[in-house]
A.B. asks: 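Dropping a structure here in structure tokens format, bear with me for questions.
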Amino acid sequence: QVQLVESGGGLVQPGGSLRLSCTASGFAFSNYHMRWYRQIPGKERDLIAQISNTGTTISYANSMEGRFTISRDNAKNTVYLQMNSLKPEDTAVYYCNAPSVVVAGERGAYWGQGTQVTVSS
């Protein structure tokens, strides 16, 4: 079974940093692009960043302002999101996503359960 498990969320003060992790299992992680999304309360789920299977190609949403960095360690089946200079408006549930994975002959998207990030004094 495909599983994406996020960790690393929690409470952080404005200006602080947090590193989220997403550990994958049940598919050939190193073959696939991975994404991070977030859902701010009352808003739609938005894409933060995407990283290619090798980590060579990375793209970010326009609003990230260089504060977030996506990376991956294929040896650990893990994708990371380093978040710096956090703002209260970054408070959201953050989700790991595998947008196009082939398992048992079928292609689909898979999501983690989400991890809560709260930026507050």
Side-chain angles (χ1 to χ4, degrees):
Q1 73 288 355
V2 173
Q3 290 187 343
L4 301 173
V5 180
E6 300 99 333
S7 62
L11 177 64
V12 63
Q13 294 185 348
S17 297
L18 212 57
R19 192 188 199 196
L20 307 183
S21 298
C22 171
T23 299
S25 60
F27 67 99
F29 178 78
S30 63
N31 288 347
Y32 295 101
H33 290 47
M34 297 295 296
R35 292 173 173 173
W36 282 100
Y37 287 77
R38 72 181 182 187
Q39 189 162 20
I40 295 171
K43 298 184 178 180
E44 295 182 348
R45 189 173 299 183
D46 291 327
L47 176 67
I48 299 170
Q50 177 177 285
I51 186 167
S52 66
N53 62 313
T54 63
T56 301
T57 303
I58 294 172
S59 60
Y60 295 94
N62 296 137
S63 61
M64 292 302 103
E65 302 176 7
R67 297 182 297 116
F68 292 2
T69 302
I70 190 170
S71 62
R72 67 192 295 162
D73 185 342
N74 285 345
K76 296 182 177 180
N77 283 5
T78 300
V79 61
Y80 303 95
L81 185 67
Q82 178 68 44
M83 305 186 296
N84 299 324
S85 302
L86 285 164
K87 306 172 182 179
E89 53 262 43
D90 293 321
T91 295
V93 178
Y94 286 73
Y95 296 91
C96 179
N97 170 248
S100 185
V101 170
V102 177
V103 177
E106 295 192 0
R107 186 177 294 274
Y110 293 88
W111 295 86
Q113 80 287 354
T115 185
Q116 176 71 46
V117 172
T118 302
V119 184
S120 176
S121 298

A.B. asks: Once rounded to the nearest 0.5 Å, what's the spacing between atom CD1 of Ile48 and atom CD of Gln50?
C.D. replies: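 It is 13.0 Å, given to the nearest 0.5 Å.
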A.B. asks: Using the test salt bridge (Lys or Arg N to Asp or Glu O under 4.0 Å), find all partners of Lys76 that sit at least two apart in sequence or belong to another chain.
C.D. replies: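 By the salt bridge (Lys or Arg N to Asp or Glu O under 4.0 Å) rule, Lys76 matches no residue at all.
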A.B. asks: Supply the atom-to-atom distance Gln13 CD to Ser120 OG, rounded to the nearest 0.5 angstrom.
C.D. replies: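 Result: 8.5 Å between the selected atoms.
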A.B. asks: Quick check: closest heavy atoms across Gln113 and Glu6, and the distance to 0.1 Å?
C.D. replies: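 In terms of heavy atoms, the two residues are closest at OE1-OE1, 2.7 Å.
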A.B. asks: Mark yes or no for whether Gln82, through its side chain, and Thr69, through its backbone, hold a donor-acceptor pair below 3.5 Å.
C.D. replies: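 No, because the side chain of Gln82 does not come within donor-acceptor range (under 3.5 Å) of the backbone of Thr69.
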A.B. asks: Are more than 12 heavy atoms, taken from residues, nucleotides or ligands other than Glu106, located less than 6.0 Å from that residue's CD atom?
C.D. replies: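 Not buried by this count: 12 neighbours or fewer within 6.0 Å.
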A.B. asks: Please tell me whether Val119 and Ile40 are part of a single hydrophobic cluster in this structure, the criterion being side-chain heavy atoms less than 4.5 Å apart.
C.D. replies: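 No, Val119 and Ile40 fall in different hydrophobic clusters.
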A.B. asks: Nearest 0.5 Å, what's the CE-CG distance between Met34 and Asn74?
C.D. replies: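 These two atoms lie 10.0 Å from each other.
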A.B. asks: Do Leu81 and Tyr110 share a hydrophobic cluster (ILVMFWY, side-chain heavy atoms under 4.5 Å, transitive)?
C.D. replies: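 Result: yes, single cluster for both.
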A.B. asks: If you look at every heavy atom in Arg45 and Tyr37, which pair is closest and at what distance?
C.D. replies: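 Taking Arg45 first and Tyr37 second, the nearest heavy atoms are CG-CB, 3.8 Å.
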A.B. asks: Would you compute the distance between atom OG of Ser59 and atom CZ of Arg35 and round it to the nearest 0.5 angstrom?
C.D. replies: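 Reported value, rounded in 0.5 Å steps: 7.5 Å.
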A.B. asks: Tell me whether Leu86 is reachable from Ile70 by hopping between hydrophobic residues (I, L, V, M, F, W, Y) whose side-chain heavy atoms are closer than 4.5 Å.
C.D. replies: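 In one cluster: yes.
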A.B. asks: In this structure, would Val2 and Val5 fall into the same cluster of hydrophobic residues linked by side-chain contacts under 4.5 Å?
C.D. replies: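 Result: no, two separate clusters.
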A.B. asks: Is Asp90 close to Arg67 at the side-chain level, that is, under 4.5 Å between some pair of heavy atoms?
C.D. replies: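 Yes - at least one pair of side-chain heavy atoms lies under 4.5 Å apart.
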A.B. asks: Which atom pair, heavy atoms only, marks the closest approach of Ala109 to Pro99?
C.D. replies: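 Scanning both residues completely, I find the closest heavy atoms to be CB-O, 3.5 Å.
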A.B. asks: Tell me the closest heavy-atom pair linking Ala92 and Pro41, and the distance in Å.
C.D. replies: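 The answer is CA-CD, 4.3 Å.
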A.B. asks: For a 4.5 angstrom cut-off between non-hydrogen side-chain atoms, does Val102 reach Tyr32?
C.D. replies: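 SC-SC contact between Val102 and Tyr32 confirmed.
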A.B. asks: Please find the pair of heavy atoms, one from Thr54 and one from Arg72, that lie closest to each other, and give the distance.
C.D. replies: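 Closest approach of Thr54 to Arg72, heavy atoms only: C-CD, 4.5 Å.
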A.B. asks: Does any part of the side chain of Met83, heavy atoms only, come nearer than 4.5 Å to the side chain of Val12, both counted from C-beta?
C.D. replies: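 They are not in contact (no side-chain heavy atoms under 4.5 Å apart), so the answer is no.
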A.B. asks: So do His33 and Thr57 actually touch side chain to side chain, heavy atoms under 4.5 Å?
C.D. replies: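 A side-chain contact under 4.5 Å is absent here.
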A.B. asks: Same hydrophobic cluster for Val93 and Trp36, using side-chain heavy-atom links shorter than 4.5 Å among ILVMFWY?
C.D. replies: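 No; tracing contacts between hydrophobic side chains, which count when under 4.5 Å, never links both residues.
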A.B. asks: For residues 15-31, which side-chain N or O atoms pair as donor and acceptor with protein atoms under 3.5 Å away, sequence neighbours left out?
C.D. replies:
{"residue": "Ser17", "atom": "OG", "partner": "Asn84", "partner atom": "OD1", "Å": "2.9"}
{"residue": "Thr23", "atom": "OG1", "partner": "Thr78", "partner atom": "OG1", "Å": "3.3"}

A.B. asks: How close do Val79 and Ser71 get, counting heavy atoms only, and between which atoms?
C.D. replies: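 For Val79 versus Ser71, the nearest heavy atoms are CG2-O, 3.1 Å.
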